Amino acid sequence: MMILSKLLVLSSLSLAAVSARKSPKQKSSKGGSSDCDFPMYITEPSETDTAVPNEDEAALYVWEANRLCAGHIDPFDGDECTEVGSASGVCTVLVTGDTCDSVDTWNMFNEDGESIGTLTSRGIAYIPGDAIVLGGTGCFENAGGTIGSVVSGDDDEWWQYDLSNVQLA
């Protein structure tokens, strides 16, 4: 009887995980609510990033309301940005100067431009590895998992994110 109970629990957990996936390029909250749909791939042009105190002696970088665009695009080469949110945060430069400890808060929108909540993550920027999802509000309350990222560009920097490992409650 105990084994049957464990199998039922495991199979229902598997069904819940499968139902959270909407399509290869979209995710939604448990139960498949379309109110919480968000793109699995996002690009963030670094449009408002500011070095503090200045670019030559940066101790940290701050940004506010950078656009979040659906899909992996090159925003500085004419690719159109379909806005799905905005990003704000701070990245504290570490001792070596090559990396920084980044905390990001994303305000995410649905297709109608209405807020579906905030998503907050933390990770070390400019090295391989994923950021840890700390949680959020609205659709992202009690969220977990990781966000993969790749930085591109020189003078015009942009970040591409993979949200396929974000786990919604």
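Because the structure is a prediction, the values reported are computed rather than measured.
Remark: Glu47 pairs with Arg67 by the salt bridge (Lys or Arg N to Asp or Glu O under 4.0 Å) rule, at least two apart or across chains. With sequence neighbours excluded, the residues that form a side-chain hydrogen bond (donor to acceptor under 3.5 Å, both in side chains) with Thr137 are Thr118. Listed by chain and number, the residues in a side-chain hydrogen bond (donor to acceptor under 3.5 Å, both in side chains) with Asp162 are Ser164 (sequence neighbours excluded). Remark: Asp79 engages no residue in a side-chain hydrogen bond (donor to acceptor under 3.5 Å, both in side chains) (not counting sequence neighbours).
The 12-atom threshold is not exceeded at CD1 of Ile132, counting heavy atoms of other residues, nucleotides or ligands nearer than 6.0 Å. In the displayed structure, Glu64 atom CD is contacted under 6.0 Å by at most 12 heavy atoms of other residues, nucleotides or ligands.
Ring-plane geometry between Trp158 and Phe76 is classed as tilted, the angle between the planes lying from 30 to 60 degrees on a 0 to 90 degree scale.
Sorted by first and then second residue, the pairs that involve residues 86-125 and meet ring pair (Phe, Tyr, Trp, His ring centres under 6.0 Å), not counting sequence neighbours, are Trp106-Tyr161.
Applying the side-chain contact (heavy atoms from CB on, under 4.5 Å) test between Val52 and each of Leu60, Thr92, Val90 identifies Leu60 as the sole match.
A chain of hydrophobic side-chain contacts below 4.5 Å, direct or via other Ile, Leu, Val, Met, Phe, Trp or Tyr residues, connects Val151 to Leu68.
In this structure the side chain of Ile73 reaches within 4.5 angstrom of the side chain of Cys81, judged on heavy atoms.
Hydrophobic side-chain contacts under 4.5 Å tie Val93 into a cluster, directly or through other members, with Tyr61, Trp63.
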